[in-house]
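Only a predicted model underlies this, so the values are computations on that prediction, with no experimental measurement involved.
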Amino acid sequence: MNGDRGLRWLGWLIAGPTVWALAFAAAYGLHGLGCELGWPSRMLGPVSLQRAAIALVGLAGVLTCLALLAGLRSRPGAGAQLPRLGLWIGLIATLFTLAPALVATTCG
């Protein structure tokens, strides 16, 4: 039983960087696909389909980190400190790496 607890703690520990990695990979894949399919020229309201797709992936990553942080906040103690830090790192990394796609030229 103690091994299950350790694996659960490890899962919480890597949750933030994992969310960031998934969001980054999805945004990167959508960027390439969108450039190939001409998404920058297709508008979805005031923004291009390309920016909207990448923004939705980033928003999903941020909301996932926030939801996991909310769930972890209910668990007090020193054992929650490192996982909490990992989730904050994932949240900030997601914002930092995906925000430029909202303002920079998406296809060359």
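Residues that satisfy the side-chain hydrogen bond (donor to acceptor under 3.5 Å, both in side chains) test with Thr97, not counting sequence neighbours, are Trp20.
Val19 pairs with exactly one of Thr64, Leu87, Leu91 by the side chain to side chain contact (heavy atoms under 4.5 Å, CB included) rule, that one being Thr64.
Taken to the nearest 0.5 Å, the CG atom of Leu7 stands 12.0 Å off from the CG atom of Leu13. The CH2 atom of Trp39 sits 5.0 Å away from atom CG of Leu30, with the distance rounded to the nearest 0.5 Å.
Both Leu68 and Leu95 are members of a single hydrophobic cluster when ILVMFWY side chains are connected at heavy-atom separations under 4.5 Å.
Residues Gln81 and Leu85 have side chains not in contact (no heavy-atom distance under 4.5 Å, counting atoms from C-beta outward). Using a 4.5 Å heavy-atom cutoff, the side chains of Trp12 and Leu72 are in contact.
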Enumerate donor-acceptor pairs with a distance under 3.5 Å from any side-chain N or O in residues 45-63 to protein atoms, sequence neighbours excluded.
{"from": "Ser48", "atom 1": "OG", "to": "Arg51", "atom 2": "N", "distance (Å)": "3.2"}
{"from": "Gln50", "atom 1": "NE2", "to": "His31", "atom 2": "O", "distance (Å)": "3.2"}
{"from": "Arg51", "atom 1": "NH1", "to": "Ala101", "atom 2": "O", "distance (Å)": "2.9"}
{"from": "Arg51", "atom 1": "NH1", "to": "Leu102", "atom 2": "O", "distance (Å)": "3.2"}
{"from": "Arg51", "atom 1": "NH1", "to": "Ala104", "atom 2": "O", "distance (Å)": "2.9"}
{"from": "Arg51", "atom 1": "NH2", "to": "Ala104", "atom 2": "O", "distance (Å)": "3.1"}

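Across all non-hydrogen atoms, the minimal contact from Gly34 to Pro40 is O-CD, 3.6 Å.
Residue pairs meeting the disulfide (SG to SG under 2.5 Å) criterion with at least one partner in residues 23-74, sequence neighbours excluded, are Cys35-Cys107.
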